[in-house]
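What you see is a predicted model; the values in this text were computed from it and never measured.
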Amino acid sequence: RVVSPPSRSPWPRRTEEPSRPKTKSKKMKRSREEKEEENPKKEEEESDSDDFGPRPAAAGGDDDSDDDDDVGPPKPQEETAKPKRKKRKKLKFEKLYLEKLPNAKLYEKSFMHRTPLSHICVSKTQFCITASTDGFIKFWKKNPGGIEFVKQYKAHLEPIVGVAVSADGFYCASISLDKSLKIYDVVNFDMINLIQLKYVPTSCEWIHEQKSLRGPLVAVGGPTGEIKVYKAGGSDEPMKTLKPHRAAVTMMKYNERYKCVVSVDSKGMIEYWSTSEFKTPTNIKWNSKLDTDLFELRKSKSVATSLSMSPTGSAFAVVSTDRRIRIFKFVTGKLMRTYDENLDAYNKQQADDESPFKLDSIDFGRRMAVERELDKESQDEAKHIPPSNVVFDSSGNFIIYPTLLGIKVVNMHNNKLSRLLGMVENTERFLGIALFQGIPKNTGLSAVQALGSKEVMSAGNALDEKRAALHLEDPCVFACAYKKDRFYWFSRREPGEDGRDIFNEKPQKKLTNMVANPTPSMGNVAVVHTTMGDMTFVLFPKECPKTCENFIMHSKDGYYNETIFHRVIKNFMIQGGDPLGDGTGGESIWGGEFEDEFHRNLRHDRPGVLSMANAGPNSNGSQFFVTTVPCPWLNDKHTVFGRLSKGMDVLKAIEGVHTTDEKPDEDIKIINVDILT
C-alpha cells in the first residue's frame, strides 16, 4: 500500500474507497454508450418526421437537402473555423485610416449616362467628373451625404480617349479621336479653351505644380512616342515637344512632390522625365534603368492598361494585361509589391472549401464568363472598355482596385485584404474607380439637415465640433462597370428604402420595352396588408410571367387571406403563403408545381427581394419569402419576381419579432393582397 504524504492542512484529510470511482466510471461509460446508441434512433425519427421546414446549408457549401419536401430558402452557410495564420506586421493607426475609407457591402446610389461610361475621376475641389463613349462629360458636386449633378457637355464628336484633372483640382482636360483637346474650369464648370491637334492623341496629363508661374500646362501623348506640352489658355501650337518613347504614349502620371512625370508606351516601356527641364530628373536614386525594375513589363511581355500615382509621391502602380498589379517605389524604381489577379488563382480559391471568398458555383461560372469576355473585348480599342485601375488612399498605405469578386481594399504595409466592397453585387463587373476622401463642403445645410440627427449626435450627448467633424467625413468610391451606362457610388452607408438606381436620363427604347407595358391581364404592383402594416412590391411580369400570374391570381382569389408568416429568421428572410401555416402546404393555380423563371437582372442582391420558396428545382407552389439582407447564395435557385418599394419599416418589424423554432410566438397574418396596375 502506498502511503500519501501528510497534508499541510490542519484539518483531517478525507479518503475514499478505491473501488468506488472505478465502479462509477463504468456506469458513466455505459450510460454514455447507451446515449450514443439512442441518439441515432432519435435522429432517424426526426428525419422521418413530416416537418417540411427548410434546412440550413451544409458546411461544405452544398445546400441541397436529401428531403425533397423542404420548402424555402436555405440559411446562410455557417463560418468554419479558420486555420491559425502567422502574425502580420501591424500598421500604426490602421483603424483611423480605415475609418476614412468606404466600408459598405452594397453601393448606395447609381447615376446614369446615355451610353456606357469610359472615364471617371475626382478633383481636390470636390467634383466628380464622368465621361461616356458618346462624347458627353458630366460634372457632379460632392456634398454632405451625396452628390449633385451640376452640368454636362457634348464635349466631343467621337469617343473620348482620355480625361485628366490637375493636381490642384482647378482644371480638367479631355482628348478624343476627333483630334481635339478641350480645357475646363472645374470650379466654375465651364469650358475655357479648345485646342485643335494635328494628330490623334493617345493620353493627356496636367504637369504643373500648384501656383506655378508658368501657368497650367497639359501634356498630350502621340502615336509616335512624342509628347507635346500646351498652355491651358494658349494656342494650338505646343510650347515644348519631347520624345522619350519610341511607341505610342498610352498613359502619363504627374508626381507633384518630385516635379516629375512617369509615362508608359504601348510596348511596356516606363520612362521618367522632369517638368522643369523636360529630361531625366536628377532627384531620384538611380543613374541607369538597369539598376531598377522598370523593365518588368517588357520582361513579362505585357502592356500597361492603367497607371496611378500615390498622393505622397512615394510610389506608383501599374496594372497590365497579364492581370498583375505592380507597385513601384518611385525614387529607386524598384518593385515593392506584386498582386496576381490571374483567373487561375481564382479557380484555386473557388476549389478551396475553406476559402472565405468561395462563391456559389453558378455565380462563379457566370463571373468567369464575364472575365473571359472582358479580356477579349479589351483588346479591341474600338470598344473603349474602361480599364481596371488602382487608387491610393490619402495616406499612401492602402490601395483600392476592382476585381472579379468586387472592389478590394488592401493594406500594403502588411499585405492584407482589409475590405471587399460590392462582393454581393453579382450583376456588375466594376472597372474604373475614383476615390473621394475628406469632409464635403457644406452647401447651406446644417449637419443635422444634411445627414440626419442620428448621424451627427450620440445618444444623450450634445454635438461638439470634434464629433461633427468626424461624422461629416464622407469617403466615397465612384466606379463604372462593364457594359453599364451607370456609375456606382460606395460610401459608409447602406442603400435606403427609396431605391438606389437613379433614372436621371431618359431610358433607352430597349429598356422601355423591357419594363413598360406589362401583360394586360396582370398588374405590376402588389400591396400586402398585414397585421403589422402594409408592404408594397413592384412585380416583374415581363421577366417572370408564370410566377407573377400565379401570385396575382392567388392574391385576387383570396388564397393568401388570413394566412400567416410561418417562418421568420433575423438577418435572413420572412416566409409566408402557406394556407396550412406550417410550411408543408400550398399549391399553384394550376393544381401542382411549376418551373423556375430565372433572369440575370433579378437577383437576391438587396433587402426586400420577393422570391418563390421551393423544395428544389422546378417545385414552386404558393409559398414566397422576402429577404431582409442580400442573399447571393440563393441566386438561380429561387425565382425573384418582385422588389419592395415601400414598407421597409414593416419588413424590419416582422423580422424583429420573437420566435421559437423560427416561428413567431404571436401570429403575423396577411389580411389580404391588393393588385394594382
Side-chain angles (χ1 to χ4, degrees), residues 118-132 135-142 147 149-156 160-176 178-197 201-221 227-240 249 251-263 273-276 278 307-309 311 313 389 391 394 432 434-438 440-441 478:
S118 57
H119 299 84
I120 188 166
C121 51
V122 171
S123 70
K124 283 186 178 180
T125 49
Q126 302 188 353
F127 280 85
C128 177
I129 302 167
T130 57
S132 54
F136 274 88
I137 289 181
K138 292 187 178 184
F139 290 81
W140 311 78
K141 182 69 173 71
K142 185 72 183 74
I147 60 173
F149 172 72
V150 177
K151 198 171 185 179
Q152 73 173 358
Y153 287 95
K154 175 60 176 174
H156 299 278
I160 296 173
V161 175
V163 177
V165 177
S166 62
D168 54 16
F170 289 107
Y171 297 95
C172 175
S174 64
I175 55 175
S176 170
D178 60 7
K179 299 182 180 180
S180 66
L181 165 65
K182 294 193 175 181
I183 311 296
Y184 308 88
D185 182 346
V186 175
V187 176
N188 298 311
F189 32 89
D190 189 20
M191 189 174 70
I192 59 177
N193 197 10
L194 166 62
I195 297 176
Q196 200 64 43
L197 306 175
T202 55
S203 60
C204 65
E205 177 69 3
W206 293 93
I207 61 171
H208 67 280
E209 61 271 16
Q210 298 185 34
K211 299 180 181 180
S212 172
L213 297 177
R214 296 183 301 178
L217 302 177
V218 59
V220 180
I227 297 175
K228 297 185 178 183
V229 181
Y230 298 86
K231 289 187 176 182
S235 64
D236 294 352
E237 294 299 322
M239 63 165 288
K240 183 69 177 180
V249 183
M251 55 203 68
M252 296 179 286
K253 284 297 173 184
Y254 175 58
N255 190 327
E256 187 179 14
R257 177 181 175 184
Y258 292 95
K259 298 178 177 57
C260 176
V261 175
V262 178
S263 56
W273 50 277
S274 69
T275 57
S276 56
F278 299 103
L307 176 65
S308 307
M309 186 67 65
N389 66 318
V391 176
S394 58
L435 174 65
F436 171 83
Q437 287 182 282
K441 292 182 180 179
F478 300 99

In short, A167 meets K124 closest at the heavy-atom pair O-CD, 3.1 Å
Determine, stepwise, if the pair S276 / K259 fulfils side chain to side chain contact (heavy atoms under 4.5 Å, CB included). CA-CA 7 Å; S276 56; K259 298 178 177 57; 5.9 Å; no
Is there a side-chain contact between H208 and D168 in this structure, where contact means two heavy atoms from C-beta onward sitting under 4.5 Å apart? yes
Here the gap from K179 atom NZ to Q196 atom CD, rounded to the nearest 0.5 Å, amounts to 9.0 Å
CD (E205) and OG (S166) are apart, to the nearest 0.5 Å, by 9.5 Å
Self-check item: side chain to side chain contact (heavy atoms under 4.5 Å, CB included) between L435 and V122, intermediate numbers included
Solution: CA-CA 7 Å; L435 174 65; V122 171; over 6 Å; no
Report yes if some heavy atom in the side chain of S308 is under 4.5 Å from a heavy atom in the side chain of V391; otherwise report no. no
Interatomic distance, CD1@I183 vs CG@L194, rounded to 0.5 Å, equals 9.0 Å
query = Below 4.5 Å, heavy atoms only, C-beta onward: do Y254 and M309 meet side chain to side chain?
reply = no
Hey, does the side chain of N255 reach the backbone of C260 with a donor-acceptor pair shorter than 3.5 angstrom? no
| message | Can you confirm whether L217 sits close enough to M239 that some side-chain heavy atom of one is under 4.5 Å from a side-chain heavy atom of the other? | response | yes
- Item | A232 backbone acceptor or donor facing Y171 side chain under 3.5 Å | no
Heavy-atom nearest pair, G432 first then I120, reads O-CG2, 3.7 Å
OG (S176) and CG (L181) are apart, to the nearest 0.5 Å, by 11.0 Å
Checklist entry - Regarding H156 and S180, is there a side-chain donor-to-acceptor distance under 3.5 Å anywhere? => result yes
Legend entry - Min side-chain heavy-atom separation I147-C128 under 4.5 Å: no
With sequence neighbours left out, the residues meeting side chain to side chain contact (heavy atoms under 4.5 Å, CB included) with F278 are I207, R214, V229, K240, L242, W273
All heavy atoms of V249 vs all of S263, minimum pair found to be CG1-CB, 4.3 Å
Distance col, row M252:CE vs T202:OG1, nearest 0.5 angstrom, shows 7.0 Å
Is there a side-chain contact between D190 and F139, using heavy atoms and a 4.5 Å cut-off? no
For A131 and I160 the tightest heavy-atom approach is CB-CD1, 3.7 Å
Q) Hey, does K151 have a side-chain heavy atom less than 4.5 Å from the side chain of Y184? A) no
Value for NZ (K182) from CG (N193), rounded to nearest 0.5 Å, stands at 11.0 Å
Residue set satisfying side chain to side chain contact (heavy atoms under 4.5 Å, CB included) with S123, at least two apart, ordered chain then number -> T125, F127, V165, V186
Contact between Q152 and I137 at the side-chain level, heavy atoms closer than 4.5 Å - yes or no?
no
Heavy-atom closest pair (C204 atom, A164 atom, distance to 0.1 Å) is O-CB, 3.7 Å
